[in-house]
Protein chains: 2
Amino acid sequence: MKIAVIGTGLTKFGELWSKGLNDLLAEAQLSALKEANIEANQIEEIFTGNMCAGEFSGQLHVGAMASENLNLNVPSTRVEGACASGSIAIRNAIQLIESGKAKIVMANGVEKMTDVSTPQATSGLMGAGSEEWEEFQGATFPGLYAMMARAYMHKFSVPKEVLAMVAVKNHKHGTMNPKAQFRREITVEQALNATMVADPLTLLDCSPISDGAGSIILASEETAKELGLDPVFIVASSQASDSLALHSRKNLYSTYAAKVAAEKAYKQAGISAKDINVAEVHDCFTIAEIMAIEALGFAELGKARELIEANETYYNGAKPINTSGGLKAAGHPIGATGLKQAIEIVHQLKGEAGERQVKNAEIGLTHNVGGTGATVVVNVFKR
Amino acid sequence: MKIAVIGTGLTKFGELWSKGLNDLLAEAQLSALKEANIEANQIEEIFTGNMCAGEFSGQLHVGAMASENLNLNVPSTRVEGACASGSIAIRNAIQLIESGKAKIVMANGVEKMTDVSTPQATSGLMGAGSEEWEEFQGATFPGLYAMMARAYMHKFSVPKEVLAMVAVKNHKHGTMNPKAQFRREITVEQALNATMVADPLTLLDCSPISDGAGSIILASEETAKELGLDPVFIVASSQASDSLALHSRKNLYSTYAAKVAAEKAYKQAGISAKDINVAEVHDCFTIAEIMAIEALGFAELGKARELIEANETYYNGAKPINTSGGLKAAGHPIGATGLKQAIEIVHQLKGEAGERQVKNAEIGLTHNVGGTGATVVVNVFKR
């Protein structure tokens with residue numbers, strides 16, 4: 001499998017008061033078209049990842065918006081798998097090209113979150129968990145991840161400082177990414193002493209509420225050749241599921257669906273975890289990055305701290321993770337996150353990541369999670 | 001293209017007070033599995049159409065629910081294109097099988113609408129239109145379709161009685177469908193004199209608020225053979241888009257995306273409109289069935305009344321339409337509607353439609369619309 005990424009577009013992430021849902025989506029789509037240097041009518045189908053536009057903007061049917069932005073009548077579908085929606089859009093675009101039914105397909109992701117109050121946002125986001133077993137009982141996402149963090153810290157005797165170090169590293173990376181929502185460094189002490197959100201997670205363990213959109217245009221290998229391009233390729237794309245509610249999982253200190261998805265992706269790509277030169281993982285909370293490192297096989301279960309404490313997950317370390325700043329510092333406009341991850345990896349593999357460039361990056365990976373791990377998509381990219 | 005339908009499951013449609021979102025979904029999924037006579041772990045991927053669970057039940061991430069119901073870790077995605085969501089799930093399942101990546105795929109549709117008040121439902125449903133240009137200005141779906149009805153009636157000098165006759169026919173069909181929400185006949189006089197909703201549409205021109213779910217299991221032709229089955233096949237599947245808001249359309253008296261989708265589907269299947277023996281079309285309002293008849297090429301523009309007035313769209317007429325009772329009488333649990341349409345056609349082609357059986361039905365079609373026509377999916381089935 002070899003699917004070419006022939007164009008990318010990404011808005012700034014942040015509190016973008018002057019831009020609505022469709023402003024963001026259109027901006028990303030038009031940037032991707034411009035970069036691909038193709039006409040809109042060469043796009044044969046569109047998939048758009050979005051989670052909360054219904055709840056936050058009264059707008060469903062975002063697919064029709066995406067095709068109208070390009071003045072097209074082609075099939076255009078919204079896909080949703082909570083916070084993994086963006087990567088699902090990419091995966092569906094890949095599958096369509098593999099079916100032979102289309103040669104050039106656009107995948108978008110968009111989220112406009114700052115038009116509602118924080119309690120409204122927190123409540124809307126709980127739609128990613130189980131309404132019956134979690135939301136109705138009063139659980140919030142920080143609360144659910146706090147339970148996972150407690151279980152992990154207890155099981156493997158990991159101190160809170162390790163979680164804080166993830167936030168510090170991602171904020172450092174954010175300073176080097178012009179599109180990031182937060183572009184200032186923080187210290188371990190600041191992270192530990194920030195306002196408590198859900199013990200043990202402080203404000204600086206949590207990704208923010210953000211606005212943003214991303215778009216990539218994918219093409220078959222043959223089409224990319226015909227267009228005279230030397231693109232980055234997606235060489236594996238896999239998705240896996242687990243129980244919607246946390247209480248039905250095998251355990252609280254690891255994410256099984258991520259392990260399943262990663263193993264399938266490595267097999268598809270004919271590589272192993274050690275071959276990954278740069279990865280964007282789903283750090284909605286700091287604990288999630290730690291669990292991702294282990295699920296993806298970059299460290300053994302309970303051992304992610306060794307990589308983190310040795311600073312190996314910085315952009316200039318042995319296993320660079322979240323060079324974009326991750327969800328923590330770059331921001332987390334839900335549907336757009338998977339697109340941002342993919343675009344960061346494309347930039348890294350093309351050597352276009354500026355200050356935060358990883359040296360000799362040949363193979364990259366994205367890991368995008370829905371809910372507390374009920375949906376996971378892993379995509380592998382190769383120069 | 002030949003994709004086999006190897007199992008179907010459909011709940012009763014109606015006000016199902018004792019059943020929640022997941023009860024409905026699980027019931028349909030398990031019925032389909034039982035009919036297919038396969039094990040759950042033979043399902044390789046799942047697509048589920050749903051529009052409003054976020055707004056009406058606080059539940060997004062319905063894909064994870066669908067895989068958990070079968071105790072599977074396979075990829076499971078929610079797709080949404082407003083009221084066309086169910087047929088989009090079917091189409092994505094087809095595309096996946098065509099890609100060669102999976103042999104057996106499940107497509108579901110579910111909607112739980114009666115747990116919210118009618119104003120909440122009306123407001124949530126407006127997410128299928130344009131929030132910016134329609135909902136925010138106070139438009140409702142009956143209001144938008146009323147404008148289309150007025151434009152059509154004016155352009156082609158069609159009296160309101162023709163709209164009423166569509167409702168009368170679909171209610172007649174509903175009496176013969178045990179799964180239908182409404183199972184009583186109505187008269188043209190009753191339809192004309194019912195409470196006005198949005199002039200010229202009365203209550204009996206409008207489909208109801210409903211609960212329900214449907215599920216079908218699709219397989220490659222080869223797999224169906226290996227399983228020793230003699231199934232109904234899907235021989236074409238197409239989708240098209242138009243502007244989200246009504247004011248940007250070419251005109252208000254026809255649905256362009258439906259025409260585009262139908263033409264593509266006929267071409268794919270190597271047939272023409274006259275070859276269709278039975279069709280389920282999207283009669284969210286009576287005027288929508290009239291426009292569907294014309295967009296699908298069963299009658300020329302402005303001439304659908306001839307078929308209707310000659311009673312040719314009854315189950316025993318020359319062009320049977322909505323033998324299930326349509327959205328009007330069978331009910332319209334949004335995400336489930338496309339599944340119900342497909343399952344009705346499968347039953348008709350298998351000769352299992354009981355009282356409402358169409359004689360010698362060989363080729364059937366479904367036409368599923370999102371919003372006022374911004375998304376349309378047309379699937380063609382063959383015995």
Side-chain angles (χ1 to χ4, degrees), chain A residues 20-22 45-46 51-55 57-65 67-68 72-82 88 91-92 95-101 123-124 126-132 135-136 238-245 248 256-257 260 370-371 374-375 377, chain B residues 20-22 45-46 51-55 57-65 67-68 72-82 88 91-92 95-101 123-124 126-132 135-136 238-245 248 256-257 260 370-371 374-375 377:
Chain A
L21 180 73
N22 199 32
E45 184 150 345
I46 304 172
M51 178 174 164
C52 288
E55 287 84 345
S57 312
Q59 184 65 67
L60 294 158
H61 214 172
V62 173
M65 199 176 247
S67 47
E68 187 176 1
L72 295 177
N73 294 104
V74 300
S76 186
T77 298
R78 171 198 171 201
V79 294
E80 185 259 320
I88 290 176
R91 184 165 173 274
N92 279 26
Q95 283 178 339
L96 180 61
I97 295 172
E98 288 189 306
S99 79
K101 268 193 160 176
S123 161
M126 266 311 292
S130 167
E131 190 276 334
E132 194 173 3
E135 183 177 9
F136 187 75
S238 73
Q239 182 177 337
S241 308
D242 205 339
S243 71
L244 191 54
S248 302
Y256 179 68
V260 172
T375 298
V377 180
Chain B
L21 180 74
N22 199 32
E45 184 149 345
I46 304 172
M51 178 175 164
C52 287
E55 287 83 346
S57 312
Q59 184 66 68
L60 294 160
H61 212 171
V62 173
M65 198 176 246
S67 48
E68 187 176 2
L72 295 176
N73 294 104
V74 300
S76 186
T77 298
R78 170 197 170 203
V79 293
E80 185 260 319
I88 290 176
R91 184 164 173 275
N92 279 26
Q95 282 177 339
L96 180 60
I97 295 172
E98 288 190 305
S99 79
K101 267 193 159 176
S123 161
M126 266 311 293
S130 166
E131 190 276 332
E132 194 173 2
E135 183 178 10
F136 186 76
S238 73
Q239 182 177 336
S241 309
D242 205 339
S243 71
L244 191 55
S248 303
Y256 179 68
V260 172
T375 298
V377 181

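Naming: A, B, ... by sequence-line order, numbering from 1 per chain. Every value quoted in this text rests on a predicted model; they were computed, and no experiment measured them. The basis for the numbers below is simple: all heavy atoms, side chains too, and nothing from hydrogens, waters or symmetry mates.
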Greatest number of non-hydrogen atom pairs under 4.5 angstrom with chain A, of Met126(B), Arg78(B), Glu68(B), Glu131(B), falls to Arg78(B)

Working to the nearest 0.5 Å, report the span between CD of Gln59(A) and CG of Leu244(B).
-> 5.0 Å

Please determine, among Ala240(B), Gly58(B), Ser57(B), Ser248(B), the option with the most heavy-atom pairs under 4.5 Å with chain A.
-> Gly58(B)

Against chain B, label Tyr256(A) side chain, backbone, both or neither, depending on which of its atoms sit under 4.5 Å from a heavy atom there.
-> side chain

Go through the atoms of Ser123(A) and report whether side chain, backbone, both or neither lie under 4.5 Å from a heavy atom of chain B.
-> neither

Within the side chain of Asn73(A), is there an N or O that forms a donor-acceptor pair under 3.5 Å with the backbone of Ser241(B)?
-> yes

Per-residue contact mode, Glu135(A) against chain B (heavy atom under 4.5 angstrom) | side chain

Ionic contact status for Glu98(A) with Arg91(A), cut-off 4.0 Å | no

Side chain, backbone, both or neither: which part of Val79(A) has a non-hydrogen atom closer than 4.5 Å to chain B?
-> both

Would you mind telling me which of Gly127(B), Cys52(B), Gly129(B) has the largest number of heavy-atom pairs within less than 4.5 Å of chain A?
-> Gly127(B)

In terms of heavy-atom pairs under 4.5 Å, which option from Leu60(B), Val260(B), Thr77(B) contacts chain A the most?
-> Leu60(B)

Most contacts with chain A, counted as non-hydrogen pairs under 4.5 angstrom, among Ser67(B), Gly371(B), Ala128(B), Gly63(B) | Ala128(B)

Given Ser99(B), Pro75(B), Gly54(B), the one with more heavy-atom pairs under 4.5 angstrom with chain A than any other is Pro75(B)

Look at the side chain of Glu80(B) and the backbone N and O of His61(A), then say whether any donor-acceptor pair between them is shorter than 3.5 Å.
-> yes

Heavy-atom side-chain proximity of Gln95(B) to Lys101(A) below 4.5 angstrom | yes

So what's closer than 4.5 Å to chain A heavy atoms on Gln239(B): side chain, backbone, both or neither?
-> both

Stepwise side chain to side chain contact (heavy atoms under 4.5 Å, CB included) test for Ile88(B) and Thr375(B) = CA-CA 10 Å; Ile88(B) 290 176; Thr375(B) 298; 4.0 Å; yes

Spacing of Leu96(A) atom CG and Leu96(B) atom CG [to the nearest 0.5 Å] | 11.0 Å

Identify which part of Asn92(A) has an atom lying under 4.5 Å from any heavy atom of chain B, answering side chain, backbone, both or neither.
-> side chain

Drop me the distance from Ser76(B)'s OG to Met65(B)'s CE, to the nearest 0.5 angstrom.
-> 11.0 Å

